[in-house]
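Worksheet: the structure to be examined is printed underneath.
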Amino acid sequence: MKRLLLFTEATGAGVLSAIENTCKYLDNDFEITFLYYSREETPSHDELRKRLGNRVNIRQIPSGTFKLFKLFKEFKKYVEMYKPDIIHLHSSYAGFIGRIALLSSATDTKVFYSPHCFAFERNDVNLIIKKIYLLIETFLTKRCGQIIAVSKHEQQLAYKIGANESYLVYNTLSHNAQKSLNASNKNVQTHKTVIATIGRLSTQKNPQLFINLAKKFSNNQDIKFIWIGGGNKKWQTKINKLILGQNNIEITGWKSRTEVLNLLSNIDIYLHTASWEALPISILEAMFHQKPIIIKNYPGVRELVTQDYNGFIGQNEEELFLYLKKLIDDKSLRYQFGENSLRLYYENYDPQKTMSILKDIYLNRGVNS
C-alpha cells in the first residue's frame, strides 16, 4: 500500500474538508498521514480524529515563534522519516514550504499541490507583494510538483503560471458531512426571513459588504442577517462598532460543527460576499441544504451558481441588494432555486466521483520529484 502524506498549515474551512474527504474515501487505498499546524479555527485533536477516522496517522507541528522556519524544518524532517510515495500540499503557504523543502531533497516522491486560491489573487496586499507571490508560484510550479485545482478558474491560472499539467478535482462534501447536514435540526420555527453566510471575519470574506446590505433592510423587523463565524479581537471590535444599534444583524462567533449546520439548515437565503476565493465549501453545504445562493461575482465562486437557476451573481452592492429583495419577496422562487441547488450539487460535486478522480491522479498521473 502506497504511503500518502497530506500537509497543511491552514487546518480549517475548505482545506480541512478536502483533507477529510481524502481520508474518508481513500483510507482503504493508501496509508495516510496528516501533518498539520494548528490555528484559531482548527478543531481539537479529538475532533480531527473523529472527522478523519481511526486509520489516519495524525501529526501536529507544535506552534511557536519563527513559524516559517519551524514548518520548513518539521516538514522536511517528517518527509525524511516517513518516506511517503505521494505528497499532497494543501494551501499556498504549505505549497511554498513543501516545494522549497523538496527542491533540496533527493526523494523519489510524487508531489501534488492544491492552492485553494493562489496567494497572488489576494486583494488585501499591494501590487508589489502580489507580483512577488506570482513570481514565487511561477518559479515553483515549473520546478516541483503538479497542481490539483479545486475549480476551473484555479486550473486556468495554473496553466498561466507555467504548469505543464493541472488536474481538476472539485471541492465537495464528505459522506460524514452529508450525514451531518441531513441530521441537522430543521425544526426551528421563525417568522423572519433569515439571510446568512459562514466564514471568518476577515478582509477576504468582506463582512463590511454583508453588513452594508443588512443595513438596507434594517427597517423591516421580519428580516434577519446572521454571520456564522468569528475572528480575532481586532476584527471582532471593528465589526461590533459597525453593527452597533443594528437589531437585524447577528455575529455568532465561532461555533461547533453541529451548531453551524443547525444554523445553516434554518436559513432562507445564503449570501456570499467574499472578495476572492477558490470554491467555497460553505456554498456547497448551502446547496446540499437546498438553499438559494446569492454571491458577489468572482471567477472561482461563480462556478457554483447558475444565474436565475439556483441563485444570483451580483457585480456590486446595488445588484446584490436588488437580488436579495427579489428572493425575500418571492418564497416560491426561493424554493425553486433551493431545489436546483441540490440538483447542481449532485450533478457536479458528488464526492464518490471526485474522490475516484483523485485516486486515479495519485496512482496513475503526475511525475516523481
Side-chain angles (χ1 to χ4, degrees), residues 4-28 30-64 67 70-71 74-75 78 82 88-91 93-94 114 116 150 171-186 196-202 205 226-233 236 251-266 278-286 288-289 351 354-355 358:
L4 169 63
L5 174 63
L6 306 173
F7 171 59
T8 189
E9 55 73 46
T11 316
V15 172
L16 181 56
S17 293
I19 288 166
E20 179 182 357
N21 279 338
T22 304
C23 294
K24 284 295 186 181
Y25 283 95
L26 301 183
D27 63 348
N28 288 323
F30 300 93
E31 182 184 309
I32 303 175
T33 293
F34 175 44
L35 181 65
Y36 76 100
Y37 185 87
S38 183
R39 61 186 196 180
E40 185 179 11
E41 70 270 30
T42 300
S44 67
H45 184 85
D46 288 344
E47 177 65 19
L48 283 174
R49 172 60 65 201
K50 182 179 177 181
R51 290 180 64 172
L52 304 186
N54 293 325
R55 300 183 65 175
V56 176
N57 181 24
I58 301 174
R59 290 288 179 264
Q60 180 180 0
I61 297 174
S63 58
K67 175 182 173 182
K70 190 178 195 59
L71 285 169
E74 291 295 322
F75 172 78
Y78 203 85
Y82 180 58
H88 193 165
L89 309 165
H90 286 270
S91 86
Y93 201 100
S114 293
H116 296 274
V150 301
N171 276 342
T172 186
L173 305 179
S174 70
H175 178 64
N176 278 356
Q178 290 182 358
K179 286 201 302 183
S180 297
L181 284 163
N182 281 326
S184 56
N185 180 14
K186 299 183 178 70
T197 195
I198 300 172
R200 167 193 286 269
L201 294 170
S202 64
K205 300 296 185 180
I226 303 176
W227 185 286
I228 305 170
N232 59 31
K233 288 183 179 179
Q236 199 68 56
I251 310 295
T252 68
W254 296 115
K255 294 289 184 180
S256 70
R257 181 74 175 158
T258 301
E259 290 172 317
V260 168
L261 296 181
N262 283 339
L263 286 166
L264 179 63
S265 69
N266 291 290
L279 198 85
I281 289 291
S282 60
I283 297 181
L284 289 171
E285 289 174 336
F288 189 82
H289 248 314
T354 57
M355 289 300 103
L358 183 61

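We count residues from 1, following the sequence as given. Computed over heavy atoms, backbone and side chain alike; hydrogens, waters and symmetry mates excluded.
Using bins of under 30°, 30° to 60° and over 60° for the plane-to-plane angle, the ring pair Tyr36/Phe34 lands in the parallel bin.
Closest approach of His90 to Ala94, counting heavy atoms only: O-CB, 3.3 Å. Across all their heavy atoms, Arg49 and Val56 have their closest contact at NH1-O, 2.6 Å. Nearest heavy-atom pair across Tyr82 and Ile32 is OH-C, 4.1 Å. Here the shortest heavy-atom pairing between Leu284 and Asn171 reads CD1-O, 3.3 Å. Nearest heavy atom pair, residue Thr22 against residue Leu358, reads OG1-CD2, 3.6 Å. Smallest separation of non-hydrogen atoms from Arg51 and Lys24: O-CE, 2.8 Å.
Residues Glu31 and Leu4 are not in side-chain contact: their nearest non-hydrogen atoms beyond the backbone lie 4.5 Å or more apart. For the pair Phe7/Ile61, a side-chain contact is recorded, criterion being any heavy-atom separation below 4.5 Å from C-beta on. Between Ile251 and Gln236, some side-chain heavy-atom pair lies under the 4.5 Å cut-off. For the pair Val260 and Thr252, the minimum side-chain heavy-atom distance is 4.5 Å or more.
The distance from atom NZ of Lys233 to atom CG of Leu201, rounded to the nearest 0.5 Å, is 15.0 Å. For the atom pair Leu173 CG and Glu20 CD, the distance stands at 9.5 Å (nearest 0.5 Å). Considering NZ of Lys205 and OG1 of Thr197, their distance stands at 7.5 Å, rounded to 0.5 Å. Summarising the geometry, atom NE2 belonging to His116 is positioned 7.5 Å from atom OG belonging to Ser91; distances are rounded to the nearest 0.5 Å. In this structure, OG1 on Thr172 lies 9.5 Å from CG on Leu279, to the nearest 0.5 angstrom. Interatomic distance, Asn266 CG to Leu261 CG, rounded to the nearest 0.5 Å: 11.0 Å.
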message = Could you go through Ile19 and His88, starting from their C-alpha distance and side-chain angles, then the distance that decides it, and tell me whether this counts as side-chain contact (heavy atoms from CB on, under 4.5 Å)?
response = CA-CA 10 Å; Ile19 288 166; His88 193 165; over 6 Å; no
task = Would you please test Leu264 and Phe288 for side-chain contact (heavy atoms from CB on, under 4.5 Å) and show each step?
result = CA-CA 11 Å; Leu264 179 63; Phe288 189 82; over 6 Å; no
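When the options Leu6, Thr8, Ile281 are evaluated for a side-chain contact (heavy atoms from CB on, under 4.5 Å) with Val15, the one that passes is Thr8.
Arg200 and Asn232 share no donor-acceptor pair across their side chains, judged by distance under 3.5 Å alone. Glu259 and Ser256 share a side-chain donor-acceptor pair at under 3.5 Å.
In terms of modelled atom types and a separation under 3.5 Å, the side chain of Asn21 and the main chain of Met355 share no donor-acceptor contact. Trp227 places a side-chain N or O within donor-acceptor distance of the main-chain N or O of Gly199, the cut-off being under 3.5 Å.
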